[in-house]
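Structure first, then comments.
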Amino acid sequence: MKLVKTIIRPNKLDDVRDALESMGIPGMTVTEVRGHGRQKGHTAIYRGKEYNVSLLPKVELEVVVADGVVDDVIRTIVTAARTGEIGDGRVFVQSVEQSYNIRTGEREG
């Protein structure tokens, strides 16, 4: 099993969620986060004063999937989340050795 952790723009969450659900991915965890990549934020103007916004609002989406579908899941996420602009996000993949369903105690992996 793999944990696919994705940082995306908040306005792309529905597109990514719908794409993953159409693949049959049964569950996901979504967290509102803030951060920046290489762009280091952006400059904005409020009441005539310029200021730097260094931590931009993002959404972190986590799904645990079988090893055999990891590449399909990544491709689906990248396709659904891409705008072509700086700040589209990042996908991380980590190994998951075991998981347990808390209600049933059932073990996977």
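All of these numbers come straight from a predicted model, not from anything done at the bench. Numbering of residues begins at 1 and proceeds along the displayed sequence.
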Closest heavy-atom contact between V91 and I74? CG1-CG1, 4.2 Å
Using the rule that two of Ile, Leu, Val, Met, Phe, Trp, Tyr join whenever any of their side-chain heavy atoms come within less than 4.5 Å, decide whether L61 and L3 are in one cluster. no
So, applying side chain to side chain contact (heavy atoms under 4.5 Å, CB included) with V65, which one of V96, D72, V70 is it? V70
Show your working on side-chain contact (heavy atoms from CB on, under 4.5 Å) between H36 and L55 and close with a plain yes or no. CA-CA 6 Å; H36 67 77; L55 297 175; 3.8 Å; yes
State which residue, out of V59, V30, D15, fulfils the side chain to side chain contact (heavy atoms under 4.5 Å, CB included) condition with I8. V59
Is there a path of hydrophobic side-chain contacts, each under 4.5 Å between heavy atoms, that joins V93 and M23? yes
Residues, nucleotides or ligands: over 12 heavy atoms within 6.0 Å of Y51 OH: yes
Test side-chain contact (heavy atoms from CB on, under 4.5 Å) on I25 and V73 and set out the steps. CA-CA 9 Å; I25 302 299; V73 167; 3.8 Å; yes
With sequence neighbours excluded, tell me which residues meet salt bridge (Lys or Arg N to Asp or Glu O under 4.0 Å) with E62. K5
Quick one: list whatever passes side chain to side chain donor-acceptor pair (under 3.5 Å) with D14, sequence neighbours left out. R17
Q98 atom CD, over 12 foreign heavy atoms within 6.0 Å: yes
Quick one: pull up CD in E21 and OG1 in T76 and give me the separation to the nearest 0.5 Å. 12.5 Å
Is there a donor-acceptor pair closer than 3.5 Å between any side-chain N or O of K58 and the backbone N or O of G87? yes
Side chain to side chain contact (heavy atoms under 4.5 Å, CB included) partner of V4, chosen from L20, V63, V64, V69: V63
Roughly how far, to the nearest 0.5 Å, is the CD atom of E97 from the CE atom of M1? 9.5 Å
Among I7, N11, L13, side chain to side chain contact (heavy atoms under 4.5 Å, CB included) partner for R9: N11
What are the two closest heavy atoms between A44 and V53, and how far apart are they? CB-CG2, 4.2 Å
D88 (side chain) donor-acceptor with T83 (main chain) under 3.5 angstrom: yes
V78 and I86: same hydrophobic cluster, using ILVMFWY side-chain contacts below 4.5 Å? no
Could you tell me the separation between the OG1 atom of T6 and the CE atom of M28, rounded to the nearest 0.5 Å? 10.0 Å
Dump the intermediate steps for side-chain contact (heavy atoms from CB on, under 4.5 Å) on S99 and R107, then the final yes or no. CA-CA 6 Å; S99 73; R107 175 184 164 195; over 6 Å; no
Side-chain donor/acceptor of S22 to backbone N/O of A19, under 3.5 Å: yes
